[in-house]
Number of protein chains: 4
Amino acid sequence: MATQEPAAGESAAQDPTAQDPTAQGTAAQGAAARPRKRQARGEKRITELLDAAGQVFAEHGYSATTTNAIAARAGVSPGSLYQYFPNKEAIAEALAERYAARAHATQLILEDPELPGMPLPAILDRVVDPTVVFHCEDPAVHVLLAGPDSPARLHAVHSPLHEAMLSRIATLLRALAPGLTEARVEQTALVTVGVFKGLLPLVLAAPEEHRPALVHELKLVLLGYLRPVVESGSADSGWVE
Amino acid sequence: MATQEPAAGESAAQDPTAQDPTAQGTAAQGAAARPRKRQARGEKRITELLDAAGQVFAEHGYSATTTNAIAARAGVSPGSLYQYFPNKEAIAEALAERYAARAHATQLILEDPELPGMPLPAILDRVVDPTVVFHCEDPAVHVLLAGPDSPARLHAVHSPLHEAMLSRIATLLRALAPGLTEARVEQTALVTVGVFKGLLPLVLAAPEEHRPALVHELKLVLLGYLRPVVESGSADSGWVE
Amino acid sequence: MATQEPAAGESAAQDPTAQDPTAQGTAAQGAAARPRKRQARGEKRITELLDAAGQVFAEHGYSATTTNAIAARAGVSPGSLYQYFPNKEAIAEALAERYAARAHATQLILEDPELPGMPLPAILDRVVDPTVVFHCEDPAVHVLLAGPDSPARLHAVHSPLHEAMLSRIATLLRALAPGLTEARVEQTALVTVGVFKGLLPLVLAAPEEHRPALVHELKLVLLGYLRPVVESGSADSGWVE
Amino acid sequence: MATQEPAAGESAAQDPTAQDPTAQGTAAQGAAARPRKRQARGEKRITELLDAAGQVFAEHGYSATTTNAIAARAGVSPGSLYQYFPNKEAIAEALAERYAARAHATQLILEDPELPGMPLPAILDRVVDPTVVFHCEDPAVHVLLAGPDSPARLHAVHSPLHEAMLSRIATLLRALAPGLTEARVEQTALVTVGVFKGLLPLVLAAPEEHRPALVHELKLVLLGYLRPVVESGSADSGWVE
DNA sequence: GATGAATGAGGATTCATTCAT
DNA sequence: TATGAATGAATCCTCATTCAT
């Protein structure tokens with residue numbers, strides 16, 4: 001039933017196979033293409049919905065964003081939205097995942113084998129700058145990184161974005177300071193993410209011309225915290241009681 | 001005590017006792033006590049409402065907190081709540097101010113004349129520890145420090161709590177590093193507040209036994225950022241490009 | 001109990017008997033003066049409340065006027081208001097009665113024995129002009145003449161103001177056209193009041209400079225309707241079917 | 001019929017059938033009928049809601065009418081009402097427009113080319129009678145013609161119904177007295193509407209058996225006012241000072 | 001009498017979600 | 001699948017009225 005009866009009125013105009021550049025070849029594909037196309041259309045819808053969600057989240061914040069607004073922005077009906085996402089939270093999650101993936105793509109830098117040998121300030125430049133650009137380009141990123149203003153945030157601080165950031169930083173730390181215990185890596189990564197979460201809103205809120213200075217401050221905070229860690233395997237070296 | 005905080009709204013303007021110059025003797029006390037008692041009831045209600053608001057904010061977060069829930073928790077009708085506060089935002093603001101005042105009381109430490117002479121780690125102990133205690137004791141503090149999850153937060157990051165924290169840190173910085181320009185003091189204070197905002201949720205969310213470690217990390221972050229500032233009047237000393 | 005224990009703090013300052021110019025004489029009056037003074041103060045309160053009510057009705061219309069707003073405008077507490085009026089409607093009624101009385105004072109003209117002998121246009125001038133002035137001076141008059149926008153208006157069209165207007169016009173008609181049956185007098189008066197009610201808002205709403213023209217139109221309407229009535233004892237004279 | 005009144009809100013803009021140029025043939029009808037049916041349901045709901053609103057307005061008056069009552073009377077949930085109308089005022093406006101349209105249909109008489117040649121009393125019969133019937137049949141008409149009892153009424157006397165009545169009367173006047181200046185036409189129309197507004201409630205409130213008499217009076221008022229206007233181009237002819 | 005705190009039902013409006021077509 | 005109508009509980013807030021002091 002799912003694959004029958006293409007809705008009249010549209011099917012004539014848009015020949016599905018004609019639009020699918022991935023269509024590859026022989027007779028058996030006629031049957032295979034149909035579900036694929038369905039899926040493709042679904043993917044497109046999802047993309048559109050997430051695009052719309054990103055805009056609305058960025059404009060209104062997490063709590064004030066309504067599913068109806070997202071659907072309207074995407075140009076679809078509320079019912080359609082619920083065909084792809086069970087609820088608002090799922091949309092946020094999916095969007096966060098998309099951002100996480102995109103961030104990952106952006107930060108392949110981290111896998112540069114040269115990186116561990118560089119001086120820490122240079123490493124921070126490479127890590128912080130694209131992160132800032134990423135957050136500035138699409139303010140919804142930060143909305144989703146922070147999550148709803150409910151205490152859920154306190155107990156489950158973990159959006160996909162948070163997780164992604166966390167694991168990337170942990171990876172970097174393992175490379176920079178191989179002597180760290182796993183527990184310390186994780187704690188240090190957590191704190192680093194916390195610093196990002198605390199300072200990125202400042203950067204985003206600042207007028208364009210103040211941003212570079214604030215980004216620099218962000219780097220200084222990270223440098224001050226991480227240098228002892230990567231140099232001696234502990235951040236405590238600077239602590240004199 | 002009854003006359004400390006003027007009652008919210010307009011009612012305070014018509015304080016009967018203030019208008020009656022004859023209410024100074026012994027006999028007049030009976031008459032004067034009555035309005036005062038009424039006023040006291042109002043004050044008490046405000047206190048109860050703010051207490052209730054604190055609980056509800058702590059439990060449900062900013063956006064999910066409803067005025068009806070606050071009223072119910074305070075054991076009064078919704079109408080009563082609106083006799084004292086025009087809307088939810090005003091409650092949050094008043095509560096934040098109360099916290100700000102309380103925080104101020106807590107941190108008179110900052111005015112200890114010995115403080116500027118102490119080593120930075122000791123200073124941080126004195127500053128961070130009560131702050132953490134304060135936030136842990138009443139989780140609503142953090143809810144209000146963070147504010148609603150709307151983008152308003154990005155443009156106007158300013159709750160009374162935020163402001164209070166900011167100015168206290170700025171004062172401290174001026175004492176510790178008298179050579180700093182005012183602009184640098186303010187920027188540094190802003191960043192410091194950002195660090196607190198970013199890391200306090202971690203501390204709060206952590207299970208009791210992990211807290212001390214996280215608090216220590218928080219101090220390390222601050223130490224790493226602030227040491228260069230107070231030592232050389234700039235945080236840049238450690239930055240090698 | 002009602003006459004005992006004058007409220008402390010005020011009684012000394014204002015000797016009741018001193019203020020009452022109607023105090024007439026002997027010893028027995030000491031006892032009588034007290035309640036009178038009570039009453040006098042009550043009258044004053046009532047006056048203030050009605051003044052306030054007039055303002056608020058004029059500003060917000062009948063339905064949108066709240067008892068709390070009236071009390072606030074009068075500078076008293078809501079409780080005090082309810083000491084003098086059982087509910088909002090009673091305030092409107094009392095205010096309407098006050099206006100009715102005032103209107104009556106204004107239109108003693110109607111009792112001018114010369115009036116019946118004058119030409120109708122002159123009579124209309126004498127009747128309409130002060131009415132218009134009266135309504136313009138205090139817009140609450142019209143609010144109360146019209147009453148609430150509920151269908152009660154349709155079934156019980158009768159505010160004290162309405163009644164007053166009705167009876168004054170009826171009286172005038174009886175003088176002008178003694179031959180009319182009572183039924184016709186009443187119907188004609190009713191219609192005349194309707195014309196006033198319909199056209200006065202136009203006059204009130206018009207900018208100052210257009211008012212005279214509209215008042216003139218109002219007179220023309222009345223003239224056209226009433227001339228046949230007073231001339232032939234019937235308005236039908238002009239009707240040719 | 002389905003496409004007459006565009007659905008309220010924005011949804012009308014996305015009328016699918018309008019966008020699909022292929023939906024002309026026989027086969028496409030199935031597809032075209034579906035959205036049309038949905039649209040039809042919306043139209044029907046709007047009709048039902050306005051019907052319900054008419055009843056409730058008639059029963060309770062403007063201010064006392066609640067959106068919930070309208071929804072309940074229409075047998076739908078409050079949410080549904082708000083899918084079609086943004087607020088109470090919009091409902092009143094839409095309803096007034098519906099009445100205005102209906103009135104127009106009722107009074108095509110005015111376009112009878114014979115009309116200007118008839119004697120004024122006959123013209124008034126033709127104009128007033130259907131108007132009275134119209135108002136009697138559905139008392140909400142008058143509620144909406146009068147509008148809310150707020151002072152807004154005084155400044156902006158204009159509901160769609162008011163406007164419709166105004167323009168119809170102006171048109172009639174232009175036909176009857178072509179010599180009138182436009183300014184006089186408008187003023188005269190305004191005054192005529194005022195007379196209707198003032199006297200129709202009388203007619204509506206009167207017991208069935210008194211109505212004819214009151215309607216007759218209404219006509220007499222109009223005749224007295226309008227005869228001079230249409231006969232000499234001025235109402236002033238009867239005014240002797 | 002006066003006060004102003006207290007009430008609580010009720011009103012307008014929203015929104016996540018479901019359902020018939 | 002897509003639609004958009006439908007839902008209804010929940011939200012914020014108001015206001016006539018009462019009550020303790």
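Naming: A, B, ... by sequence-line order, numbering from 1 per chain.
Within the 4.0 Å cut-off from OP1 or OP2 of F:dA2, at least one side-chain nitrogen or oxygen of A:Arg45 is found.
The nucleotide F:dG4 finds its pairing partner in E:dC19, both defining distances of the Watson-Crick or G-U wobble pair being shorter than 3.5 Å. With a cut-off of 3.5 Å on both pairing distances, the Watson-Crick or G-U wobble partner of E:dT13 is F:dA10.
One distance of note links CD of C:Glu43 with CG of C:Leu50; it measures 10.0 Å at 0.5 Å rounding. For the atom pair CZ of D:Arg73 and CD of D:Glu48, the computed distance is 14.0 Å after rounding to the nearest 0.5 Å. Separating the CG atom in A:Asn68 from the NZ atom in A:Lys88 is a distance of 11.0 Å, to the nearest 0.5 Å.
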query: Which letter, B, S or -, goes with each nucleotide of nucleotides 10-16 of chain E from 5' to 3', with contact meaning a protein heavy atom under 4.0 Å?
result: -SBBBBB

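The separation between B:Lys44 atom NZ and F:dA20 atom P is 16 Å, rounded to whole Å. Atoms CG (A:Leu81) and P (E:dT17) sit 10 Å apart, rounded to a whole Å. Protein atom CD1 of C:Ile91 is 14 Å distant from nucleotide atom P of F:dC15, rounded to whole Å. A:Glu48 has its CD atom 10 Å from the P atom of F:dT3, to the nearest Å. Across the protein-nucleic acid pair, C:Phe85 atom CZ and F:dT18 atom P stand 16 Å apart, rounded to whole Å. Rounded to a whole Å, the CD atom of D:Gln83 is 9 Å from the C1' atom of F:dT7.
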- request: Carefully, step by step, assess C:Ile91 and C:Leu49 under the rule side-chain contact (heavy atoms from CB on, under 4.5 Å).
  value: CA-CA 8 Å; C:Ile91 300 172; C:Leu49 282 165; over 6 Å; no

- request: Apply the test side-chain contact (heavy atoms from CB on, under 4.5 Å) to residues D:Asp149 and C:Ser63: give CA-CA distance (whole Å), side-chain angles for both, the deciding distance (0.1 Å), then the verdict.
  value: CA-CA 7 Å; D:Asp149 63 12; C:Ser63 305; 2.5 Å; yes

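Between A:Thr65 and A:Val143 the shortest side-chain heavy-atom distance does not fall below 4.5 Å. C:Ile46 places a side-chain heavy atom less than 4.5 Å from the side chain of C:Phe85.
Each of C:Ser77 and B:Gly75 has a nearest nucleotide on DNA chain E; the 5'-most of these lies closest to C:Ser77.
Among the heavy atoms of the strands lying under 4.0 Å from A:Tyr84 are primed sugar atoms or P, OP1, OP2 only; no base atom is included.
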